Amino acid sequence: MHDQPAPHATWLSPDTPARYGTVSRALHWAMAAGFAWIFASAIAHATARDSALDSLLWPTHKHVGSVLMALALLRAAWALAQARQRPPGVSVLARLGHGALYALMLAIPAIGLLRQYGSGRAFAPLGLPLMPGFDASQKMEWAVNLGGLLHGELGWALLALVVGHIAAALWHQRPGSTPVLRRMMG
Ligand code: HEM
Ligand code: HEM
């Protein structure tokens, strides 16, 4: 009787070597939905500028990207806290791939926000007054240039990596392999 875990223990379960817990799963799938949205906005903007889809999605790009930045910081902190007990990567490639996903998940929105700040224009993601803006003559050229140079390029690189990541997860469903999907869902 006393061995039964308290209900809240399963609701906010930590990771174990056999599976990701609820916090890791919630972060993974909520962010996957956010990335699906933001990549849809980037693809519509790059391929069908001013179409109905672009007009619908593009105005949300910076806001969804800012939320993803906040979630990526939380997720990185949580991953560090859980590092000793979460499922081990199935290979060196998997560990390197996950590391690269983290690096890009943090760098891309950070560079986007830095460019936004450097432009001197006010910015209030989801109405939250994050950047009050300043005199445009004081514009930080280096931050704007860095964004122009890297933000979109790294964004497309992340999209390619995500496609590889999904393919790898499905590839591991074959008989005889480690069925990694079960660690993150089900
Ligand atoms: C993880 C989050 C993000 C991803 C994956 C992402 C991805 C991308 C991609 C792939 C493009 C290229 C679109 C094109 O070629 O037309 C782009 C453009 C852009 N993004 Fe983001 N973005 C993110 C977050 C942000 C944030 C937080 C901001 C600003 C607050 C931002 C501002 C912009 C702007 C202004 C552009 C158009 C200029 C350019 O192509 O560099 N993005 N983004
Ligand atoms: C349909 C989409 C996706 C599927 C099916 C999927 C599947 C998985 C699976 C099965 C794992 C566990 C791997 C293991 O135990 O070795 C995992 C982990 C991971 N995935 Fe995904 N994933 C998806 C989308 C994404 C996206 C969009 C990102 C980031 C941009 C991402 C980033 C990660 C990271 C960093 C990990 C390592 C665990 C963590 O810290 O959360 N995934 N994914």
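In listed order, ligands and their atoms are each counted from 1. Predicted model, so just to flag it, every value in this text is computed and none were measured.
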For this session: Starting from atom 29 (C) of ligand 2, locate the nearest protein heavy atom and write down its residue, its atom name and how far away it is, to 0.1 Å.
Result: Met105 SD, 3.8 Å
Exercise. Which atoms of ligand 2 sit under 4.0 Å from any heavy atom of Phe35?
Worked result: 30 (C)
Problem set entry | Donor-acceptor contact below 3.5 Å, side chain Arg75 vs main chain Leu71 | no
Exercise. Does a side-chain heavy-atom distance below 4.5 Å link Trp78 with Arg86?
Worked result: yes
Exercise. Can you find an N/O atom of His98 closer than 3.5 Å to an N/O atom of ligand 2?
Worked result: no
For this session: Test side chain to side chain donor-acceptor pair (under 3.5 Å) on Thr60 and Trp37 and set out the steps.
Result: CA-CA 9 Å; Thr60 67; Trp37 184 279; 2.8 Å; yes
Exercise. Considering only heavy atoms from C-beta outward, does the side chain of Leu181 approach that of His172 to under 4.5 Å?
Worked result: no
Exercise. What about Val180 and Leu170, same hydrophobic cluster or not, with Ile/Leu/Val/Met/Phe/Trp/Tyr joined at side-chain heavy-atom distances under 4.5 Å?
Worked result: no
Exercise. What's the shortest distance from atom 13 (C) of ligand 1 to any protein heavy atom, and which residue and atom give it?
Worked result: Trp156 CZ2, 3.8 Å
Exercise. Is the distance between the ring centroids of His63 and Phe123 under 6.0 Å?
Worked result: yes
Exercise. When you measure from atom 40 (O) of ligand 2 to every protein heavy atom, which one gives the shortest distance, and what is it?
Worked result: Tyr102 OH, 2.4 Å
For this session: Please check if atom CZ in Arg84 has more than 12 non-hydrogen atoms from other residues, nucleotides or ligands closer than 6.0 Å.
Result: no
Problem set entry | Interfacing atoms of ligand 2 (cut-off 4.0 Å, heavy-atom, Arg183) | 14 (C), 15 (O), 16 (O)
Problem set entry | Other residues, nucleotides, ligands: >12 heavy atoms within 6.0 Å of Trp156 CH2 | yes
Problem set entry | N, O or S atoms of the protein lying under 2.8 Å from atom 21 (Fe) of ligand 2 | His28 NE2, His165 NE2
Problem set entry | Closest protein heavy atom to atom 34 (C) of ligand 2, given as residue, atom name and distance to 0.1 Å | Arg75 NH2, 3.3 Å
Exercise. Does the Ser55 side chain pair with the main chain of Ser51, one donor and one acceptor, at a distance under 3.5 Å?
Worked result: yes
Seminar exercise, completed: Within the 4.0 Å heavy-atom cut-off, what Trp29 brings close to ligand 2 is side chain
Exercise. Under a heavy-atom criterion of less than 4.0 Å, does Ser66 contact ligand 1?
Worked result: yes
For this session: Go around atom 21 (Fe) of ligand 1 and count every protein N, O or S atom nearer than 2.8 Å.
Result: 2
Exercise. Just wondering, do Met105 and Leu68 contact through their side chains at under 4.5 Å, heavy atoms?
Worked result: no
For this session: Tell me whether Leu159 is reachable from Leu96 by hopping between hydrophobic residues (I, L, V, M, F, W, Y) whose side-chain heavy atoms are closer than 4.5 Å.
Result: no
Exercise. Which is it for Met185 and ligand 2 at heavy atoms under 4.0 Å: side chain, backbone, both or neither?
Worked result: neither
For this session: Give the numbers and elements of all ligand 1 atoms closer than 4.0 Å to a heavy atom of His45.
Result: 16 (O)
Seminar exercise, completed: Looking only at non-hydrogen atoms, the one of Met69, Met31, Arg115, Arg49 nearest atom 36 (C) of ligand 1 is Arg115
Exercise. With a 4.5 Å heavy-atom cut-off, do Met140 and Tyr117 have their side chains touching?
Worked result: yes
Exercise. Strictly under 4.0 Å, does any heavy atom of Arg182 approach an atom of ligand 2?
Worked result: no
Problem set entry | For Pro125 against Leu130, the heavy-atom pair lying closest together | CD-CB, 3.6 Å
Exercise. With no hydrogens and no angle check, is any side-chain donor or acceptor of Ser41 less than 3.5 Å from a backbone partner on Trp58?
Worked result: no
Exercise. Under 4.5 Å between any side-chain heavy atoms of Gln116 and Met131, yes or no?
Worked result: yes
Exercise. Is ligand 1 under 4.0 Å from a heavy atom in the side chain of Trp58, in the backbone, in both, or in neither?
Worked result: side chain
